[in-house]
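Sequence lines set the chain letters: A, B, ... in the order given, protein chains first and strands last, and positions in each chain run from 1. This is a predicted model, so every value here is computed, not measured.
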There are 2 protein chains.
Amino acid sequence: MRSTADIIEHYLHHLLDESTDCVIEVQRSCLAEQFACVPSQINYVISTRFTLMRGYVVESKRGSGGYVRIQRVGMPDESVLAHIGVRMSQADSEALLDRLLTERWIDEAMRTVCRAIVSRDTLSLPLPVRDEVRARIMRGVVGALLLARQQEVVGVPSKRNGG
Amino acid sequence: MRSTADIIEHYLHHLLDESTDCVIEVQRSCLAEQFACVPSQINYVISTRFTLMRGYVVESKRGSGGYVRIQRVGMPDESVLAHIGVRMSQADSEALLDRLLTERWIDEAMRTVCRAIVSRDTLSLPLPVRDEVRARIMRGVVGALLLARQQEVVGVPSKRNGG
DNA sequence: TCGTATAATGATCAAAGATAGTCAACATCA
DNA sequence: TGATGTTGACTATCTTTGATCATTATACGA
């Protein structure tokens, strides 16, 4: 059975898909009532599923007339590397891979392979080393992609060997 | 007499045969209850019978709404897996990537990215851990390639962010 | 008009709950 | 007797909940 958090996430995605401008505004307490959960559950969903890494910007206002605004934003090329810190969680790296797929930097196969590589089962290292290695790997991936793009533009004929 | 492990294995195989897309999702605790065994028995069954060697990829999620997903992806090339031991050097992994490229399991882009990932600079771990992680990564790559190939066939239902 | 009290929101954080994983001792089978 | 199977204590991760704090708008009295 899917968790409440999953259901709420799905609902918000649905609203975003319906919206014409990739922005939605909801009321935390209303949503909570609608899904029969405590208000802070909404914060949980937003903080785990609508992160900047996944391509969302969230703003809110308290007090009467308060709201939570969720906006789906595009990915500025150069900002990607900057968003990868010294450590990176599995969730964040999967989010980034999903975005790279959405933005057509990579294809399905690449995402599947990279997802497998950065999974905790594959790395199988104790924290925080695991998250540090994952960050370096994601840097490597994005770095390689950026390089490939540059070469495309300049017209370098697909790198040979390279030993 | 058949062991409990055999019976559970058989049951899971049955579920997989019934499924239309070679994927099943079960709950560890439910299965354990169903077969009157401890939950860790399920892990035993999965780790001994649903290995990559035998053509399965397994993913799971903990917590509320948790599950274990078993996917049949087809048997990997034995000679490929055989080359990946407990440890793998950078040179060996690059050689394997070259071979995968030659045999058209991967394309240039994939090789470039994977080479970057398994380089000692990216992993940046002391030996022998570095070679061990590299071996697991290459194993993950092989499994993911099988998975990706099957996703192509079945057609992925545009899975949204990590659900 | 200004300042303040109050109501209406949303945010944070830590504890509790819900699953699944690991490991090693013990049991059983061939 | 070694290989395979079973068990349970301990661990890791993800979700749910509630107490408490923070912010904003508005009503109201001076």
Exercise. If you find the nucleotide of DNA chain D closest to Gly63(A) and the one closest to Ser3(A), which residue's nucleotide is nearer the 5' end?
Worked result: Ser3(A)
For this session: Would you mind telling me which residue lines up with the more 5' stretch of DNA chain D, Ala36(A) or Val45(B), judged by nearest nucleotide?
Result: Val45(B)
Seminar exercise, completed: Between Val58(A) and Ile46(B), the residue closer to the 5' end of DNA chain C by nearest nucleotide is Val58(A)
Exercise. Could you give the CD-to-C1' distance, from Glu9(A) to dT16(D), as a whole number of Å?
Worked result: 16 Å
Seminar exercise, completed: Whole-Å distance, Glu59(B) CD to dT13(D) C1', equals 16 Å
Out of [options], whichever nucleotide has its closest atom nearest the side chain of [X]:
X	options	answer
Gln41(B)	dG21(C), dT17(D), dG5(D)	dG5(D)
Ser40(A)	dT12(C), dT16(D), dG21(C)	dT12(C)
Asn43(A)	dA11(C), dT7(D), dT6(D)	dA11(C)
Ser64(A)	dT26(D), dT15(D), dG21(C)	dT26(D)
Ala5(A)	dA20(C), dT12(C), dT15(D)	dT15(D)
Arg62(B)	dT19(C), dT9(C), dG8(D)	dT19(C)
Leu127(A)	dT19(C), dT7(D), dT13(D)	dT13(D)

Does [X] put a side-chain nitrogen or oxygen below 4.0 Å from OP1 or OP2 of [N]?
X	N	answer
Arg120(A)	dC14(D)	yes
Ser29(A)	dG10(C)	yes
Lys61(B)	dT15(D)	yes
Ser60(B)	dG21(C)	yes
Arg49(A)	dT15(D)	yes
Tyr44(A)	dT15(D)	yes
Thr4(A)	dT15(D)	no
Arg2(A)	dC14(D)	no

Exercise. So what does Gly66(A) touch, heavy atoms closer than 4.0 Å: a base, only the sugar-phosphate, or nothing?
Worked result: sugar-phosphate
Exercise. For Gln34(B) and Tyr11(B), does a side-chain donor sit closer than 3.5 Å to a side-chain acceptor?
Worked result: yes
For this session: Measure from NZ or CZ of Arg111(A) to the centre of the six-membered ring of Trp105(A), then state whether that distance is under 6.0 Å and the direction lies within 45° of the axis.
Result: no
Seminar exercise, completed: To the nearest 0.5 Å, atom CZ of Arg115(A) lies from atom CE of Met110(A) at 15.0 Å
For this session: Among Asp107(B), Ile106(B), Asp77(B), find the one that has a side-chain contact (heavy atoms from CB on, under 4.5 Å) with Leu100(B).
Result: Ile106(B)
Exercise. Can you name the one residue among Asp21(A), Leu16(A), Val23(A) that meets side-chain contact (heavy atoms from CB on, under 4.5 Å) with Gln71(A)?
Worked result: Val23(A)
Exercise. Judged by atom type as modelled, is there a donor-acceptor pair below 3.5 Å linking the side chain of Ser119(A) to the main-chain atoms of Thr122(A)?
Worked result: yes
